[in-house]
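What follows is a set of notes on a single structure, which appears directly below.
In each ligand, atom 1 is the first atom listed, and ligand 1 is the first ligand listed. All values reported here derive from a predicted model rather than from experimental measurement. All residue numbers refer to positions in the sequence shown, counting from 1.
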Amino acid sequence: PGAASTAARQAPPIADAAYLASLKKVTQYYVVTAFLALFVGVLIGPLQALNYGGINVYELPIIRNLLKSYYQGLSLHGVLNALVFTQFFISGWMLYLPVRDLGMRINMRFAWFTYALMTLGLLLAAVPLLTNRSTLLYTFYPPMQGDALFYIGAAIMVGSSLLVVGQVVNMWLRWKRENPGRVTPLVAFMSVSVWMMWAVASLGIVIEVVVLLIPWSLGLVGGVDPLLSKTLFWWTGHAIVYFWVLPAYISWYAFVPRHAGGRTVSEPLTRLTFVLFLLNSVPVGLHHQYSDPNISVLWKTLHMFLTFLIAVPSLLTAFSVTASLEDGARARGGRGLVGWVTKLPWGNAIFSAQVLAMISFILGGAGGIVNASSTFAGVVHNTAWIPGHFHITVGTATTLSFMGIALWLIPHLTGKRLPSMRLASWAVWTWFVGMMVFALGMHWQGLYGVTRRALVSATAQDVYRDMPIGLPVALTAISGVILLVSAILYFYVLFKMLLSKRVDNGEVSAPIPYSEKISPAGENLATAGKLVRYTEPLMALWLLTLVLVLMMYGPVLGRMIANLQLVPGWRLY
Ligand code: HAS
Ligand code: HEM
Ligand code: CU
């Protein structure tokens, strides 16, 4: 056991030091911007957790001075964490990885321009958010209306991510021309396929914002169709969850085994997983709209079955990544049916962050399947159950993974050193414990119908008075405190690292942690297996994806467009 079947890959060397330094710098800018957004966003979270813990802190003068309302805080929290943190981190991560994996040159001016444009979009949107002129929550459902600047900034920010898609796909095509007959290396393959998925996924929100919301908020048209807008939103809004989690999967497949001394199980299977996500991530968005009128049950049901289908590649991942961890643990002397688990490097925060993130995702994924079942959806929809679900998916599976990745990525990019593995470990474990307690409290309250998105601690006490929810309410309050401590620990370590002195260029002291593979795909397409050959033509699969999405959304949207119902905007804040 543990004997390598293939040597671990090394990133092809890049001789031009100035180019490498610039590439690392732009990646660092993306990653640091991401964590700054997370820092602000996460500080608001505990206030909301206290709210669901029955404690209203929104009347305190210090909070009143910073936030006009519960909803302004909630809007900032959702936008900064779920939209800004993720997109910036992913744009840096999934630009850097494929460039290094293929050893290619990209146009650094274009890369910097994209970063600058994305940041400009963020800053434009931040103005109305911070001044309470677009308190719309991160879903910005019309007819609630915000300032045009908010929609314009959001469009620029999301649009910039499409420039990253263009740059990465273009680079990959160049590599294909220069290397005819070669199999795309795994990390580049995964990155390119996720970017392709995102290109199709983002169309919904781009059309919604550019065609419907910007003209409407500028007063160029008199009204907006709420259902059409919401449907376009969820075209993007479900698939975006895979845009958030698949960059973590890249690490789970390619890098986490290495931290444990194990190997990636199967390259062909991993490629299949990512192709399934490419094909099927988008045409499932109606599972957010089971309770909406004017969408036929037929289409809702079709989207429901496709949702169950899109759980399959995650299940493939669950078994395959567990096997790679077992491989590592047994190589380190692990024994027994489950006893090997104790041989995993739990004290290494880079590793434990990501594996604890996976464990949270077992429960998050199971909850997702409950949400997707139209018979259960009526019980959980719009209740506290839903924030329970997504804090152990995006809030942990994604966020805790990215937090762990940053602990090697920042040393790799900057040549600085992690100041304290102990503190980092404390941060990671308290995040996991805090989120598990939070999820328990919120799911439990949801089952009693406690509604999401409400200042329940102030206004709804009499409604819930006779319900036996004392325990989950208390758990939620406690979780907010644990998570506040965790966030302070993590950001202390992170900022201390960023502000420390550079030691080297990071290439040797913190290399990209490629894992060996038990079943590699091989280098040449001619001799590779069927699964490898069928998954290689990503351009054709991308076109097929677009066709499938149009099939599953065309009739639904067509009917809405034929029956447009325009209503004027509202400002409720
Ligand atoms: Fe979800 C609502 C269904 C996955 C995020 N979801 C949300 C919202 C967010 C979100 C943010 O069908 C709220 C939107 C709003 O504000 O209204 N979700 C699903 C389903 C999945 C799913 C079926 N969600 C995610 C992911 C997210 C995310 C991923 C972010 C990253 N979700 C729904 C539905 C709703 C919803 C409904 C609407 C609810 C409503 O009524 O409003 C699936 O993709 C889940 C599949 C996952 C699995 C788990 C696989 C496990 C793995 C880990 C293995 C562990 C290992 C560790 C290897 C089947 C891969 C082993 C460890 C050792 C030590 C050995
Ligand atoms: C909403 C707490 C971190 C994304 C909420 C809610 C609570 C909460 C209680 C529900 C509010 C309501 O429905 O009225 C926390 C705590 C955190 C934390 C205590 C950790 C310190 C995160 C992270 C992410 C995230 C890391 C994503 C990366 C969201 C989103 C919403 C939300 C998208 C929904 C906003 C909306 O309904 O418009 N959070 N959160 N949170 N949280 Fe968090
Ligand atoms: Cu969804």
What protein heavy atom lies closest to [atom]? Include the residue and the distance to one decimal.
atom                    : answer
atom 28 (C) of ligand 1 : Thr393 OG1, 3.3 Å
atom 47 (C) of ligand 1 : Gly365 CA, 3.4 Å
atom 12 (O) of ligand 1 : Ala372 CA, 2.9 Å
atom 6 (N) of ligand 1  : His389 NE2, 3.0 Å
atom 51 (C) of ligand 1 : Phe361 CD2, 3.7 Å
atom 60 (C) of ligand 1 : Ser314 O, 3.4 Å
atom 39 (C) of ligand 1 : Ile386 CD1, 3.5 Å
atom 56 (C) of ligand 1 : Met358 CB, 3.5 Å
atom 8 (C) of ligand 2  : Gln48 NE2, 3.3 Å

List ligand 2 atoms under 4.0 Å from [X], heavy atoms only on the residue side.
X      : result
Val42  : 21 (C)
Arg452 : 13 (O), 37 (O)
Ala454 : 14 (O)
Arg453 : 12 (C), 13 (O), 14 (O), 36 (C), 37 (O), 38 (O)
Thr399 : 26 (C), 28 (C)
Tyr70  : 11 (C), 12 (C), 14 (O)

Which option, [options], owns the non-hydrogen atom nearest [atom]?
atom                    : options                       : value
atom 43 (C) of ligand 1 : Tyr249, Trp346, Tyr242        : Tyr242
atom 37 (C) of ligand 1 : Val370, Leu137, Asn371        : Asn371
atom 3 (C) of ligand 1  : Gly368, Ser291, Gly78         : Gly368
atom 15 (C) of ligand 2 : Ala487, Gly45, Gly41          : Gly45
atom 25 (C) of ligand 2 : Val450, Asn81, Thr476, Thr398 : Asn81

[X] neighbourhood, listing ligand 1 atoms whose heavy-atom distance to it stays under 4.0 Å:
X      : answer
His381 : 40 (C), 41 (O), 42 (O)
Phe390 : 5 (C), 8 (C), 9 (C), 10 (C), 11 (C), 13 (C)
Thr322 : 56 (C), 58 (C), 61 (C), 65 (C)
Val394 : 30 (C), 31 (C)
Tyr138 : 11 (C), 13 (C), 14 (C), 15 (C), 16 (O)

Between [X] and ligand 1, which residue portion shows a heavy-atom distance shorter than 4.0 Å: side chain, backbone, both, or neither?
X      : result
Trp234 : side chain
Trp244 : side chain
Trp340 : side chain
Thr398 : side chain
Arg452 : side chain
Thr307 : side chain

Is the gap between the ring centers of [X] and [Y] under 6.0 Å?
X      : Y      : result
Phe255 : Tyr514 : yes
Phe305 : His287 : no
Tyr71  : Tyr573 : no

Kindly compute the distance separating [atom1] ([X]) from [atom2] ([Y]), expressed to the nearest 0.5 Å.
X      : Y      : atom1 : atom2 : result
Met197 : Phe277 : CE    : CZ    : 8.5 Å
Phe376 : Ile369 : CZ    : CD1   : 11.5 Å
Leu475 : Leu471 : CG    : CG    : 4.5 Å
Ile362 : Thr322 : CD1   : OG1   : 6.5 Å

[Y] and [X] side chains, donor-acceptor separation under 3.5 Å:
X      : Y      : value
Thr383 : Gln445 : no
Ser352 : Trp346 : no
Ser324 : Asp327 : no
Ser457 : Asn51  : yes
Thr139 : Arg453 : yes

TODO: Measure the shortest side-chain to side-chain distance between Phe140 and Ser229 over non-hydrogen atoms and say whether it is less than 4.5 angstrom.
DONE: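 No - every pair of side-chain heavy atoms lies 4.5 Å or more apart.
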Specify whether [X] and [Y] have parallel, tilted or perpendicular ring planes, treating 30° as the upper limit for parallel and 60° as the lower limit for perpendicular.
X      : Y      : answer
Phe495 : Phe39  : perpendicular
Phe35  : Tyr490 : tilted
Phe85  : Phe89  : tilted

Task: Candidates Tyr253, Tyr249, Trp252 - the one meeting side chain to side chain donor-acceptor pair (under 3.5 Å) with Thr317 - done: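 For Thr317, the side chain to side chain donor-acceptor pair (under 3.5 Å) test succeeds with only one of Tyr253, Tyr249, Trp252, which is Tyr253.
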TODO: To 10°, measure the ND1(His238)-the Cu ion (ligand 3)-NE2(His288) angle for me.
DONE: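 The two atoms form an angle at the metal of about 140°.
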Task: ligand 2 N/O within reach of Trp431 N/O, cut-off under 3.5 Å - done: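 No.
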Task: Heteroatom proximity flag, Tyr52 to ligand 2, N/O under 3.5 Å - done: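 So ligand 2 has an N or O lying under 3.5 Å from an N or O of Tyr52.
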Open item on the list: With a 4.0 Å cut-off on heavy atoms, is Phe438 in contact with ligand 2?
Closed with: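 A heavy atom of Phe438 does come that close to ligand 2.
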Open item on the list: For Ser75, which part has a heavy atom under 4.0 Å from ligand 2: side chain, backbone, both, or neither?
Closed with: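 Neither part.
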